[in-house]
Every structure is written in structure tokens, then in C-alpha cells.
Asks: 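Right, I'll just put the structure down here and ask away after.
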Amino acid sequence: MAWARTRLEQEREQTLASLRDREADVAAIVAASEGSNADDEHDPEGATIAFERAQVDALARHALAHLEEVAAALRRVEDGSYGTCTVCGRPIPRERLEARPTATTHVACAG
């Protein structure tokens with residue numbers, strides 16, 4: 001399962017990079033609105049600013065949730081249960097794990 005650990009570590013690094021990008025996006029949004037007396041509720045541009053903040057927040061929350069999935073998958077690698085479907089107990093095909101390294105089920109049980 002060395003390939004799985006390597007793939008999951010890559011996935012973790014990519015997700016951490018994405019999270020850093022989202023943090024930079026938040027900083028840019030805050031910096032752009034500093035010194036402005038924009039009122040999100042009454043300013044025509046306010047809705048756009050609020051939407052941008054909400055979108056970046058959703059992306060950051062998604063990245064954090066994915067980091068938890070990666071950590072759980074790494075724990076499964078450690079305990080030997082990685083690659084076993086949590087629904088039926090059969091092996092998850094390597095192709096699925098390569099495409100979705102945090103998968104806990106094979107395709108038939110995923111739906």
C-alpha cells in the first residue's frame with residue numbers, strides 16, 4: 001500500500017495548498033474592502049462582496065472536510081483496512097482508489 005500512502009500524501013499537500021489559496025483570497029477580499037464605507041446590504045457592490053466571501057468560505061470548508069477524509073484514509077492505510085468497502089467488505093478496485101483516494105466504498109455500494 002505504499003502507492004496509496006504516497007497518493008494520499010499528495011492529496012493532502014494539494015488540499016493544504018488550496019486552503020492556503022483560500023486564505024489568501026479572504027485576505028484580498030478584506031484588503032479590497034478596507035477603507036471603504038461599503039454597506040453590503042445597501043451598496044450595489046455589497047452583494048458581490050458578500051457572495052465572494054461566502055464562496056471562498058464554502059471552498060475553505062470543503063478543503064477542511066477533505067483534509068479530514070485524507071487523514072481518515074491514512075489511518076485506514078495504517079490499520080490495514082484501506083481499500084476495503086465499508087458496506088460489503090469486498091475490495092475497492094485500485095482504479096477507483098487512484099481516482100478517488102479517500103473512497104470508502106466501491107462504485108456499486110456508493111450509490
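All of these numbers come straight from a predicted model, not from anything done at the bench. Numbering of residues begins at 1 and proceeds along the displayed sequence.
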Asks: Would you tabulate the side-chain donor-acceptor contacts of residues 56-64 under 3.5 Å, counting partners in other chains and residues two or more places apart, or write 'none'?
Replies:
residue: Asp57; atom: OD2; partner: Arg61; partner atom: NE; Å: 2.9
residue: Asp57; atom: OD2; partner: Arg61; partner atom: NH2; Å: 3.2

Asks: Can you check whether Tyr82 reaches Pro101 side chain to side chain, under 4.5 Å on heavy atoms?
Replies: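 Heavy-atom side-chain distance check passes, below 4.5 Å.
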Asks: Check for me, please, whether Val77 and Val70 land in the same ILVMFWY cluster - side-chain distances under 4.5 Å, paths through other members count.
Replies: yes
Asks: Roughly how far, to the nearest 0.5 Å, is OG1 of Thr105 from CZ of Arg100?
Replies: 7.0 Å
Asks: State the CZ-CD distance between Arg5 and Glu9, to the nearest 0.5 angstrom.
Replies: 6.5 Å
Asks: Are Leu74 and Leu16 grouped together when hydrophobic residues (ILVMFWY) are joined by side-chain heavy atoms under 4.5 angstrom apart?
Replies: no
Asks: Between Thr84 and Gly89, which heavy-atom pair has the shortest distance, and what is it?
Replies: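 The pair with the smallest heavy-atom distance is CG2-O, 3.4 Å.
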Asks: Going by the rule side-chain contact (heavy atoms from CB on, under 4.5 Å), which residues pair with Thr104 if we only count those two or more places apart in sequence or in a different chain?
Replies: Arg76, Thr86
Asks: Just wondering, do Arg12 and Leu67 contact through their side chains at under 4.5 Å, heavy atoms?
Replies: yes
Asks: Looking only at heavy atoms, which two atoms of Arg7 and Ala99 are closest? And how far apart?
Replies: NH2-O, 4.4 Å
Asks: Looking only at atom types and distance, does a side-chain atom of Ser18 sit under 3.5 Å from a main-chain N or O of Gln14, one as donor and one as acceptor?
Replies: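 Absent.
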Asks: CD1/Ile92 to CG/Leu97 distance, rounded to the nearest 0.5 angstrom?
Replies: 5.0 Å
Asks: Are any non-hydrogen side-chain atoms of His66 and Glu11 less than 4.5 angstrom apart?
Replies: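 Yes - at least one pair of side-chain heavy atoms lies under 4.5 Å apart.
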